[in-house]
There are 2 protein chains.
Amino acid sequence: MTDVQAAMALIKRGADALLIEAELADKLKSGRPLRIKAGFDPTAPDLHLGHTVLINKLRHFQDLGHQVMFLIGDFTGMIGDPSGKNTTRPPLSREQVLANAQTYQEQVFKILDPARTEICFNSTWMNGLGAADMIRLASQQTVARMLERDDFAKRYAGNQPISIHEFLYPLCQGYDSVAMKADVELGGTDQRFNLLMGRELQKHYGQTPQCVVMMPLLEGLDGVNKMSKSLGNYIGIAEPAQEIFGKTMSVSDTLMWRYFELLSFRSTAEIAQFRADIEGGRNPRDVKVLLAQELVARFHGQQAAEAALADFEARFQRNAIPDDLPEVRVAVGATGLPVFQVVKQAGLTGTTSEAMRMIEQGAVRLNGERVDDKGLVLAAGETVVLQVGKRKFAAVVLE
Amino acid sequence: MTDVQAAMALIKRGADALLIEAELADKLKSGRPLRIKAGFDPTAPDLHLGHTVLINKLRHFQDLGHQVMFLIGDFTGMIGDPSGKNTTRPPLSREQVLANAQTYQEQVFKILDPARTEICFNSTWMNGLGAADMIRLASQQTVARMLERDDFAKRYAGNQPISIHEFLYPLCQGYDSVAMKADVELGGTDQRFNLLMGRELQKHYGQTPQCVVMMPLLEGLDGVNKMSKSLGNYIGIAEPAQEIFGKTMSVSDTLMWRYFELLSFRSTAEIAQFRADIEGGRNPRDVKVLLAQELVARFHGQQAAEAALADFEARFQRNAIPDDLPEVRVAVGATGLPVFQVVKQAGLTGTTSEAMRMIEQGAVRLNGERVDDKGLVLAAGETVVLQVGKRKFAAVVLE
């Protein structure tokens, strides 16, 4: 495998799409450090692992010797929502932007190499553009092309108003690529239209168009919805070490592989070996621990990772779960089953009312943690350890 | 009739529409001099009477004591066509704009009162707007509203490209009204959408919205198409006095009334009297002469008007057309009839071949001018004087 092939494999790892592969290969072959652009919202950042999918990819580029331009979109942030319809988006002051940039750096430099990172603000060039320049920029695109963008098409068809300035924002984002002379832009799959706008505008301005790497949205802890603050299914990168460790251990054995692909810096060969080990009988939990340790180490350091592991193991030992648990399969159906019914069906109590009583007495543990909520419903797709009293255990496969 | 009613009658004379009448009445009642806006193209002006319909209306406002703001749209003129599709619209330089403004003044001050005229350039305020201001301006309107404009709607439906900057131009024109604090804007009926944009934007910016006076397009000498350079049916205001006089005399007796309404500063009462006189038997030609004289006097002075009349009458006498011509009606059909056939059917020659021969000999005159073109076709709707040789005359009603 040549250097360029190896680089390309790393860049494509976990990516949804790469446009245009041949163009990127040419740029990589040139040997010069490429200018890698990624744009970020200028509002107060409080990143979770979902955001780091993109940042990790930036790190891959840095590991290959390229320069990351971390763009804070403060120009539009300082305008706010000029139509006044969205009152939750007040304009940001210069001071707020700078404070937010500081917070960004504190968080992203846990992943990025500061020596190969340039923090950019698009106000630098956008504030220098006049109304006439904006008109010239707007002349580069047609109304029909803009209405092809998914959300615009839907709103237009649904008679929902689209303010004209909303057509100007993708142009501004595209113009950023021109001003920054970006070789590559990274973004979410949902940013496809805007990312391609950068390519088109660069061509108009006589530049070699940027390549585009689109990263997928990371699933949250539930394994279904995308990770987000509002859904509560997230791991924040500023959370305490034990939280990050515990939440990581709570993901399903299936989702674990997705997290390895998008969040771990272990090589794909290493990860393939883990899969083989598990197929050969290794406990998935042992591999999940490695992922949890890597993530804690990234955000809190190696020492914290070791402490979190020790803490986890101590609790695990304290709860004295035997290594050779009997495995029981319980069908919980599409809507899941209350924990007391699972306890009964796993044969850990004789009746559901006995199971209820044991929960009330604090004698039931789920994965080593006491069950306090009698209404807790267990869903299909996971294997959990249930314990009743001191001696009754079962590894319950919920299906 | 109160002063305000009289003012309103003068303002409405010849206008296609006035929006909103009650608002204009309120503004007139205030007694303060109103700010009257009209926008003009910054390219080299070479005005014809069609353009003066609007300028005459500005003069009406001045006669009522108001201030005219003659706006030269140099901001967009200096951008040119940024999409590069229209190569016939290169960007204008500052020097060209100023030279064109000078030419405008030379021409329009034959109608307008310089003491009540302010020449404005929209670059004055537009060059001060940044990209952010342009975005704020664009947020004031929706894509759907813009696509309601007739030409945009047609092009969008017909899959013809509309560049996004074309949406910004009506906003710029509307913003001019904000920057100028216009009380009234004048424009052609075809400018309806843009004129109303000024109203909407002024409301957004907390101003009392401007009233809008829409003037019709003037028919050219043919009485059918709008007056335009490219159709050749125009009277240029810089043409020699005799040309203006002669061309005015060539319009039909019907079109004459339209010209009186839109081009003459005679009162409507006076014009009504002319109509009554003609119904009572006065020769329409005598009234047309008054219109021709008024127009020549406006652009070349009273002396030139008298000279043009004297010249016209001398030629008229020389051709010695008797006052009591026999009137003959000739049906020329929808496609008109060649002059030699009209001559024959009017009874001025015995056969069409005799008529042809007389034309070849230079012995046939049409309205006093020798007919040189045997192929000349006469159309319905006019009364012409045909003469064959020295003594045969007829007033021929072409129908």
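Here is how names work: the chains are called A, B, and so on, in the same order as the sequence lines, proteins then strands, and each is numbered from 1. Owing to the predicted nature of the structure, the values given are computational and were not obtained by experimental measurement.
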Highest number of heavy-atom pairs under 4.5 Å with chain A: which of B/N159, B/L129, B/L137, B/L171?
B/L129

For chain A, the option from B/H204, B/M146, B/Q141, B/R136 that forms the most heavy-atom pairs under 4.5 Å
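Going by pairs under 4.5 Å, I would pick B/Q141.
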
Is there any salt bridge (Lys or Arg N to Asp or Glu O under 4.0 Å) pair reaching into residues 161-180 of chain B, and which pairs are they, with sequence neighbours excluded?
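For residues 161-180 of chain B: B/R155-B/E166.
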
Aromatic centroids of B/Y104 and B/F109 separated by under 6.0 Å:
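Ring centres of B/Y104 and B/F109 not closer than 6.0 Å.
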
What do you reckon, are the aromatic ring centroids of B/F152 and B/F193 less than 6.0 Å apart?
no

Side chain, backbone, both or neither: which part of B/F75 has a heavy atom under 4.5 Å from chain A?
side chain

Side chain, backbone, both or neither: which part of A/I135 has an atom under 4.5 Å from a heavy atom of chain B?
both

Applying side-chain hydrogen bond (donor to acceptor under 3.5 Å, both in side chains) to A/Q202 and A/T208, what does each step give before you reach the verdict?
CA-CA 7 Å; A/Q202 283 179 311; A/T208 305; over 6 Å; no

